[in-house]
Amino acid sequence: MSESKDFLRSIVEEDLRSAKYTEIVTRFPPEPNGFPHIGHAKSIAINFGIARDYSGHCNLRMDDTNPTKEDTQYVEALKDAVKWLGFDWGEKVYFTSDYFPRLYDYAVELIKMGKAYVDSLSEEEIRQYRGTVTEPGRRSEYANRSVEENLDLFEKMKNGEFQDAEHVLRAKIDMGAANMKMRDPLLYRIRHVHHFRAGDKWSIYPMYDFAHCLSDYIEGVTHSICTLEFENNRDIYDWVIETLGLKPPRPYQHEFARLGINYTVMSKRKLLELVEGGYVSGWDDPRMPTIAGYKRRGYTPESILNFCDQIGIAKANSMVDVSQLEFCIRDDLNTKVPRVMCVMDPLKVTIENYKGSEEIDASYYPHDVPKEGSRKLPFAKEIYIEREDFMENPPKGYYRLTPDQPVRLKHAYIITCKEVIKDADGRISEIKAVYHPDSKSGSDTSGIKVKSAIQWVSAAEAKRVEVRLYDRLFLAEIPEGIEDLNPDSLKIIKNALVEPAVVNEKADERFQFEREGYFYADPIDYTDENPVFNKIVALKDSWAKKTKVPQNTEKPQVKKEYVEGEVAPMSEDEQVLFDRYTKELKLNSEVANTLARDKRLSHFYDEALSTLNSPTSIANIVANEVARELKEKEADTLKFSPKQIAELVKMIDEGTISNKIAKQVFEQMAQSGENPVQIVQEKGLVQISDPAIILPIIDEIITKNPENVAKFKAGNTKLLGFFVGQVLKGTGGKANPTVVNTLVAEKLN
RNA sequence: UGGGGUGUGGCCAAGCGGUAAGGCAUCGGUUUUUGGUACCGUGCAUCGGGGGUUCGAAUCCCUCCACCCCAUCCA
């Protein structure tokens, strides 16, 4: 886990610290209407991770309120995913559908309170009545029904006495709300359909906004963590719980940004399209960003979890680079899996001076992986190497076999090319070579220097395997749809050759095929007759990078031009104030502008000014500090008065306290309403301007930070702030910063 | 357009008034019987823009801009 906390964990810790909750309960609440993808993995990691970190627990809850879309196969996929990632949901899986009876009772309660009503508008009318983002909606005439009538109708809805869409139950909130979600949201709709768990018992089903908050409450959830698009729904979440008067502890909703990864898609709709359109082999196609896909591809749970941890949790919409994910799986597998040799595109090499055969003992792991294990590697006169590892006319920097450059066969001997045989088309069909008997790996006395060691297999003993080479599914960094599909996302090599131990010993299900990448024995299609390996991820390849033709990725380097928007004009009154502030009181126009445009601020300012004639100082503190307080609170709930601000300013003007201390004092005033003079006296905050007191502290700081002194002298003038800050800290903020600045500057120069 | 959010290197992301963390990617170098790994290093930051407050602002105030979400009987 990274050392800095994400904002959710900060909230959790604060809630624990303040004893808002004694135990943390989270939940992972997917709708079982599709296969979970890596975005779900992020959510799983967050919810189960937080529960684990704070010794709470996390419920796995299927949010199954829409019977037309959900299915039990998805429930299983969701459970598999959570389990595979290594989390434990405890006794049971929760289902929103289990709460249908209680949810119904809560709805009845709302009706009785006059807070919900049965609406009989058509779907189209409901839409129209809702208004738009800029125009308020209007309430349905059915909202006037009596409680009795509503109760009666709602019961009949439940009993299946109406057709679909004939009525709905709605919360009575505010059709003019700026938040569209609060315009009398639907609570229940009629659906005469079979529910995969509740059967045919219900003909009404609760909506997300009604069911979710209450399910959380019922389960004792404390932190209801969801993605950003539910921010607007938070108001309903709170409304339901508050209106019902549910006793604390109650859950609160917090939102984070969903995961986006480039070169893939994450929406259920697009994923479904890939599956149903046959563009992939299924939900678990190794190219899919589904958890089942990554699992089939050969990713490990650890690598996915590590990835989730690395990308962090925040509220900014973001698009993570796939390379980050690829790093995670390489990083995980590097220390875990055995290295073996596989030749995908074989080129025959005949070692003319080699007689007989031998078995070489070769370690499965490189020197830097502290694991034991080895296998026997048959060596013979006829072998295959990778076609790419020989070049007749190599470019500069080519380390492999050429007519003039010997190469080492990994774990075996050094060979030198003697002759290149070509077929009728001029294609190289075979290499004749010689080996150097005294160059055997581990006991090399030949003194021959080679630039690299390449993989190879014995022609007679190699085993044929199928290798499936996967590449990114989409060509476009941000794919729009199937038109962006990568036609080469899957290449199948039917006749790759591996050393025999791979299929005979089965040392692992994942291997590194040396110099190629990591591969995984396909859990479904692999058989002893036809072994199949999926490419998980390629090794980093700095040679390929070097030889790649530099595409003109030259960014257009558009100089961002910023449009300065038009500032709303002032009203006449505001203009009058503004003029008075700038002309009479000589305030700078920015401060005057801030004050003049806000009635509460200008009132506050004028009042403070009537106690103390210090227009500029008061203006500054009102326009900056007081403004902040007024953003969150109403003027009449402020703990401090204009008069007290005047007193505070007076102390600044007289030099009793510095601006820095004034801020500190102000904060306390805002909190407790104490008198500023009193705060200063009690805490002894009077500022220190006497160099005789400050100088020794400066000396101390300077001797304590020789490195920074050196840096400063080397030209890093930003460090002046560091020293001033340290001195100020050393005096509890009381040193006069202007004096400190001057003294520090003198000392250092 | 009303409301709700978000802007910190190429991509993520810390930071909460006092030296702009870290990871990925990039580019060098060392080690290497994987052109891998590991290690070292490099470069890259107008902290969305502009003002203001302050000795000092990514952080506080004002303002503008850009992007995302909301007008499903989906979740």
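Here is how names work: the chains are called A, B, and so on, in the same order as the sequence lines, proteins then strands, and each is numbered from 1.
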*asked:* Side chains of A:Tyr117 and A:Asp184: any donor to acceptor distance under 3.5 Å?
replied: yes

Please list, for nucleotides 28-31 of chain B, all pairs of protein and nucleotide N/O atoms separated by less than 3.5 Å.
none

*side-chain contact (heavy atoms from CB on, under 4.5 Å) involving A:Lys660 - partner list, sequence neighbours excluded*: A:Ser658, A:Leu728

*Please list, by residue number, the residues of residues 123-133 of chain A whose heavy atoms come closer than 4.0 Å to an atom of RNA chain B; answer none if no residue qualifies.*
A:Glu123, A:Ile126, A:Arg127, A:Arg130, A:Gly131, A:Thr132, A:Val133

_Non-neighbouring partners of A:Ser602 that pass side chain to side chain donor-acceptor pair (under 3.5 Å), sequence neighbours left out_ = none

*Using a cut-off of strictly less than 4.0 Å, decide whether A:Lys540 has a side-chain nitrogen or oxygen near OP1 or OP2 of B:rU37.*
yes

_Contiguous Watson-Crick or G-U pair runs (3 or more, under 3.5 Å) in RNA chain B_ = B:2-7 with B:65-70, B:10-12 with B:22-24, B:27-30 with B:38-41, B:48-52 with B:60-64

_Sugar-phosphate only, base, or nothing, as touched by A:Arg400 at under 4.0 Å among non-hydrogen atoms_ = base

*Please identify each residue that fulfils side chain to side chain donor-acceptor pair (under 3.5 Å) with A:Tyr364, with sequence neighbours left out.*
A:Glu505

*asked:* Going by salt bridge (Lys or Arg N to Asp or Glu O under 4.0 Å), name the pairs with one or both residues in residues 331-341 of chain A, residues two or more places apart or in two chains.
replied: A:Glu302-A:Lys336, A:Asp332-A:Lys336

*Pairs satisfying side chain to side chain donor-acceptor pair (under 3.5 Å), at least one member in residues 253-262 of chain A, at least two apart*: A:Glu229-A:Arg258, A:Arg234-A:Glu255, A:Gln253-A:Glu255, A:Asn262-A:Glu477

*What residue pairs, at least two apart or across chains, pass salt bridge (Lys or Arg N to Asp or Glu O under 4.0 Å) with a residue in residues 728-739 of chain A?*
none

*Could you note down all residue pairs passing salt bridge (Lys or Arg N to Asp or Glu O under 4.0 Å) where residues 705-714 of chain A supplies at least one of them, sequence neighbours left out?*
none

*What pairs with A:Thr738 under side chain to side chain donor-acceptor pair (under 3.5 Å), at least two apart in sequence or on another chain?*
A:Asn736

_If you take any heavy atom closer than 4.0 Å to RNA chain B, which residues from residues 317-327 of chain A end up in contact?_
A:Asn317, A:Ser318, A:Met319, A:Val320, A:Asp321, A:Ser323, A:Gln324, A:Phe327

